[in-house]
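Below: one structure, written as structure tokens.
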Amino acid sequence: MKSRICRRLAGALLGVVAACASQAQDTIRLGLQAVPTDELYQARDWAQPYGLKTEISTYSSAGDSLKAFLAGRVDVVSGGAARLVTMAAKQPEVFYIVAANQYGGDRYGIIVGPDAPYKSIADLKGKKIGVVSGSGAHGTLMLYLEKNQLSPKDFRFVNMKVEDIAAAVNRGVVDAGLAWEPHVALAEVNGAVKRIQSMKGVNESPNFILVNREYAGKHPEAVAKYIASMIDMSQLTANDPRKAGEMIAAQLGKSGVSIPPKAMELAVSRIVVDPRIEDRLLDELPAIAEPMIAAGRINAMPEFGKLVQKSYYERAAELAKARQ
């Protein structure tokens, strides 16, 4: 009897040890960028409740993070629609699309000087507008012009870095600028510019979460746990943007960058953060691919459907719901 009890206790102990060992192996390498949502993810250990360890590398641009992803230095990364189309055409065997990251046209805004008389894009005909050529914001603006019977020839576009646009607008180097969050909100809160129009309703211009196929095959639960942690974070941004803004500002403050929490709150309120992959987001990809095919940048329309794996999100939703 005593021997049987001891054996049961030993078996239970081994089970606990095995479970702990398995949990310790749930490690995922993330490639994050200097954007509000990624700063928020670093401000709290969102993955800890799921027994997931994250190893975070930060990059100054999406291009750099995607290079690290393709080189195998990180397991998960986010990619904008245009870069995703290129990867889907040239290296589809490397990754899966497992979640949405951030999207929404409201995160793109047309800004002018605080005392400028302009009220809309139509008022800017013949004026100089600072843009980041080839960016998602630029593509969205071109779509806006098409939908509103305007032509790019009606304006004088000046290619600039996004971090320089607000200052150029404030100093009169350009008459207006097209930028994205948090650059717009920061300049607004500082009184350097005013936003006269957003691209809300034009398109969603989604960013997606990409995962290395080999990693996902070996660690499907880790991928689901990461997405579950993103679901938790998305609920904060939706329900309490003020708190999210304070957390982002505090996170940036750790590196010596002083940012008004109000600016981050405003920026977050204009960004849709929802990991669920919706068909309407995927439906924007072919329209982006078509001109790339015409220009010879890719050879054929990628098979986006084969890249999408919704099972990871479905499992993540179960995990997040179980914690509520």
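Not measured: the values here are computed from a predicted model.
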Residues in salt bridge (charged side-chain N to carboxylate O under 4.0 Å, His left out) contact with E221, at least two apart in sequence or another chain |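 Salt bridge (charged side-chain N to carboxylate O under 4.0 Å, His left out) check on E221 returns R315.
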Would you please name every residue forming a salt bridge (charged side-chain N to carboxylate O under 4.0 Å, His left out) with D175, sequence neighbours left out?
->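 D175 satisfies salt bridge (charged side-chain N to carboxylate O under 4.0 Å, His left out) with no other residue.
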Euclidean distance, [Y] [atom2] relative to [X] [atom1], rounded to 0.5 Å:
X: L186; Y: L266; atom1: CG; atom2: CG; result: 9.0 Å
X: T27; Y: D75; atom1: OG1; atom2: CG; result: 9.5 Å
X: F208; Y: L282; atom1: CZ; atom2: CG; result: 4.5 Å
X: I231; Y: Y313; atom1: CD1; atom2: OH; result: 4.5 Å
X: Q42; Y: I56; atom1: CD; atom2: CD1; result: 5.0 Å

Please name the pair of heavy atoms, one in L285 and one in A81, separated by the smallest distance, quoted to 0.1 Å.
->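 Heavy-atom minimum between the residues: CD2-CB, 3.8 Å.
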Minimum-distance pair of heavy atoms, taken over all atoms of L178 and A137 |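 Nearest heavy atoms, L178 then A137: CD2-O, 3.3 Å.
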Evaluate the ring planes of H183 and W180, with Trp represented by its six-membered ring, and classify them as parallel (under 30°), tilted (30 to 60°) or perpendicular (over 60°).
->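 H183 vs W180 ring planes: perpendicular.
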[X] side chain vs [Y] backbone, donor-acceptor pair below 3.5 Å:
X: R213; Y: V94; value: no
X: N170; Y: A192; value: yes
X: N212; Y: E214; value: yes
X: K225; Y: L319; value: no

Is there any ring pair (Phe, Tyr, Trp, His ring centres under 6.0 Å) pair reaching into residues 225-266, and which pairs are they, with sequence neighbours excluded?
->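 Residue pairs with at least one partner in residues 225-266: Y41-Y226.
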Is the NZ atom of K147 crowded by more than 12 outside heavy atoms at less than 6.0 Å?
->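 More than 12 heavy atoms, drawn from other residues, nucleotides or ligands, come within 6.0 Å of this atom.
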Inspect the surroundings of CD in E163 and state if more than 12 heavy atoms from other residues, nucleotides or ligands are less than 6.0 Å away.
->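 More than 12 heavy atoms, drawn from other residues, nucleotides or ligands, come within 6.0 Å of this atom.
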Return the set of residues passing side chain to side chain contact (heavy atoms under 4.5 Å, CB included) with [X] (not counting sequence neighbours), or none when no residue passes.
X: N190; answer: P260
X: A68; answer: Y59, R73, V74
X: E246; answer: R242, K243, P261
X: A267; answer: E181, P182, A185

Residues 290-307 side chain polar contacts: donor-acceptor under 3.5 Å, at least two apart:
from : atom 1 : to   : atom 2 : distance (Å)
E303 : OE1    : K306 : NZ     : 3.3

Tell me which donor-acceptor pairs under 3.5 Å the side chains of residues 96-114 have, and how far apart each pair is, sequence neighbours excluded?
from : atom 1 : to   : atom 2 : distance (Å)
N101 : ND2    : S78  : OG     : 3.4
D106 : OD1    : R195 : NH1    : 3.2
D106 : OD1    : R195 : NH2    : 3.3
D106 : OD1    : S198 : OG     : 2.9
R107 : NH1    : G104 : O      : 3.0
R107 : NH1    : E204 : O      : 3.2
R107 : NH1    : S205 : O      : 3.3
R107 : NH2    : S205 : O      : 2.6
Y108 : OH     : S205 : OG     : 2.8

Side chain to side chain donor-acceptor pair (under 3.5 Å) involving D232 - partner list, sequence neighbours excluded |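 Residues passing side chain to side chain donor-acceptor pair (under 3.5 Å) with D232: Y50, R323.
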Side chain to side chain donor-acceptor pair (under 3.5 Å) partners of K262, counting only residues at least two apart |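 Listed in chain order: nothing, the list is empty.
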Side chain to side chain donor-acceptor pair (under 3.5 Å) contacts touching residues 111-139 (sequence neighbours left out) =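 Counting only pairs at least two positions apart or across chains, the side chain to side chain donor-acceptor pair (under 3.5 Å) contacts touching residues 111-139 are S133-N159.
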same_hphob_cluster([X], [Y]) at 4.5 Å side-chain heavy-atom cutoff:
X: V162; Y: I248; result: no
X: V272; Y: V202; result: no
X: L145; Y: V132; result: yes

Does [X] reach the side chain of [Y], with side-chain heavy atoms less than 4.5 Å apart?
X: L84; Y: L210; value: yes
X: Q324; Y: Q235; value: yes
X: I28; Y: Y215; value: yes

Dump the intermediate steps for side chain to side chain contact (heavy atoms under 4.5 Å, CB included) on M230 and T37, then the final yes or no.
-> CA-CA 10 Å; M230 289 287 293; T37 50; over 6 Å; no
